[in-house]
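Quick notes on the structure that follows.
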Amino acid sequence: MITGNNISLSYQSGRKLILDNVSFTIRPQTITAFFGRSGAGKTSLLRCMAGLVKKYEGTILVDKMDINKMPASVRVHHVGFVFQHFNLFPHMTVLQNCMQPLRLVATVFDDEAYTRAHAALEQVGMLDYADRYPAQLSGGQQQRVAIARALCLNPSVLLLDEPTASLDPHTTTELRDLLITLRNVGKAIVVVSHDTNFLHDLFDVGYLLDHGKIVESYDKVAQIQHEHKSLIRNFLQG
């Protein structure tokens, strides 16, 4: 589980506030969406959760540990991050891309790295492409490899930044099905997006950001109690 408490972040020596007193909870085995228009602070918040941005006020706890105090070798086993542009190594095969973090960050020997990478690729339906290079794959296939690479380290939480940005409608549907499958086998999924078609009916918990603030939250388990919530509904309806 991740809990964020009063997160504030500013750039340009404090002159521009990116996040303003944001608090949230990411529960196990849920899909949590942070949505809002461009510039709302979504990606900045996701990067704070991933430990990629550290100079913020407030605390982010992952399984009750402060993510800012975790060494990378520990953090990657709790939080996996899938970049918007995937960041695959172009000179490595799909299998090598998945084995690389196991070798470098988790210091896993090659035999175990191969086994875990093989299993992760099979989980996302990309095992048949293990010997190909990123340039030989479509955007959706590259994304699945990036997800597999994150899953190799078996994180409890998987973070995805604008995952549909370069996908066609068919591939977007496949991604949606994959995320639901991962949630159902125990992962907590966090998605940052402004793609309302993708988000609609996908998330279990949603947070709407505007100018760095959470202006509304919505938990589908408590749907009846929160029928008066309208900002999120209006956003998703465009």
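Here, residue 1 is the first one in the sequence, and each next residue gets the next number.
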Apart from L61 itself, members of its ILVMFWY cluster (side-chain separation under 4.5 Å) are none
Determine whether V190 and L158 satisfy the following criterion, side chain to side chain contact (heavy atoms under 4.5 Å, CB included), listing intermediate values before the conclusion. CA-CA 6 Å; V190 181; L158 186 64; over 6 Å; no
Under 3.5 Å donor-acceptor, K213 side chain and L208 backbone: no
I'd like to know if the side chain of Y56 reaches the main chain of L45, judged simply by a donor and an acceptor atom lying under 3.5 Å from each other, with no hydrogens or angles considered. no
Close side-chain approach of M49 and V157, heavy atoms under 4.5 Å: no
Distance-only donor-acceptor check, side chains D195 and T164, under 3.5 Å: yes
Flag, side chain of R103 to backbone of F109, donor-acceptor distance under 3.5 Å: no
Do I232 and V215 sit in the same hydrophobic cluster, where Ile, Leu, Val, Met, Phe, Trp and Tyr count as joined when their side-chain heavy atoms come under 4.5 Å apart? yes
Yes or no on side chain to side chain contact (heavy atoms under 4.5 Å, CB included) for I18 and S10, after CA distance, side-chain angles and deciding distance? CA-CA 5 Å; I18 305 300; S10 58; 5.8 Å; no
How many angstroms lie between SG in C48 and CD1 in I2, if you round to the nearest 0.5 Å? 11.5 Å
Do you reckon M1 sits in the same ILVMFWY cluster as F24, going by side-chain contacts under 4.5 Å, direct or chained? no
Residue from Q142, Q143, R144, R132 passing side-chain contact (heavy atoms from CB on, under 4.5 Å) with M126: R144
Look at the side chain of T115 and the backbone N and O of D111, then say whether any donor-acceptor pair between them is shorter than 3.5 Å. yes
So, N87 side chain and F83 main chain: donor-acceptor pair closer than 3.5 Å or not? no
Check: K42 side chain, G36 main-chain N or O, donor-acceptor pair, under 3.5 Å: yes
Would you call the rings of F89 and H91 parallel, tilted or perpendicular, where under 30° means parallel and over 60° means perpendicular? perpendicular
Taking all non-hydrogen atoms of both residues into account, name the closest pair between G140 and T171 and its distance. CA-CG2, 3.4 Å
Any donor-acceptor N/O pair, E216 side chain to L231 backbone, under 3.5 Å: yes
Surrounding NZ of K54 (heavy atoms of other residues, nucleotides or ligands, distance under 6.0 Å), is the total greater than 12? yes
Which pair of non-hydrogen atoms, one from C152 and one from L102, has the smallest distance, and what is that distance? O-CD2, 3.6 Å
Within the 3.5 Å criterion, strictly below it, is a donor on N68 or K55 matched to an acceptor on the partner's side chain? no
Please check if L236 and F198 belong to a single hydrophobic cluster, counting links between Ile, Leu, Val, Met, Phe, Trp and Tyr side chain heavy atoms closer than 4.5 Å. yes
Give me the atom names and distance for the closest heavy-atom approach of P134 to L88. CG-CB, 3.9 Å
Within a radius of less than 6.0 Å around NE2 of H194, do more than 12 heavy atoms belonging to other residues, nucleotides or ligands occur? no
Within the distance-only criterion (no hydrogens, no angle test), does the side chain of S156 pair as donor or acceptor with the backbone N or O of H78 below 3.5 angstrom? yes
Dump the intermediate steps for salt bridge (charged side-chain N to carboxylate O under 4.0 Å, His left out) on D204 and R27, then the final yes or no. CA-CA 10 Å; D204 303 299; R27 300 197 307 268; over 6 Å; no
Is L46 reachable from L52 through a run of hydrophobic residues whose side-chain heavy atoms are each under 4.5 Å from the next? yes
Do F35 and Y207 have ring centroids that are under 6.0 Å from one another? no
Decide side chain to side chain contact (heavy atoms under 4.5 Å, CB included) for V145 and C98; before the verdict, give the C-alpha distance in whole Å, the side-chain angles of both, and the deciding distance to 0.1 Å. CA-CA 7 Å; V145 174; C98 290; 4.3 Å; yes
Indicate yes or no for a side-chain donor-acceptor contact from Q100 to the backbone of N97 under 3.5 Å, with no hydrogens or angles considered. no
Measure the shortest side-chain to side-chain distance between L137 and F86 over non-hydrogen atoms and say whether it is less than 4.5 angstrom. no
Hphob cluster co-occupancy, M65 + F81, side-chain heavy atoms under 4.5 angstrom: yes
Side-chain donor-acceptor contact under 3.5 Å, T181 with N184: no
Does some side-chain heavy atom of L127 sit less than 4.5 Å from a side-chain heavy atom of V94? no
Classify the ring geometry of F203 against Y218: parallel below 30°, tilted from 30° to 60°, perpendicular beyond 60°. perpendicular
State which residue, out of L160, L199, L202, fulfils the side-chain contact (heavy atoms from CB on, under 4.5 Å) condition with I31. L202
Is atom CG of D177 surrounded by more than 12 heavy atoms (other residues, nucleotides or ligands) closer than 6.0 Å? yes
Decide whether H170 and E174 meet the rule of one side-chain donor and one side-chain acceptor closer than 3.5 Å. yes
Given side chain to side chain contact (heavy atoms under 4.5 Å, CB included), test L178 with R176 step by step and report yes or no. CA-CA 5 Å; L178 174 60; R176 177 193 182 91; over 6 Å; no
State whether a side-chain donor-acceptor pair under 3.5 Å links N5 with S23. no
Any side-chain heavy-atom pair of I147 and L182 under 4.5 Å: yes
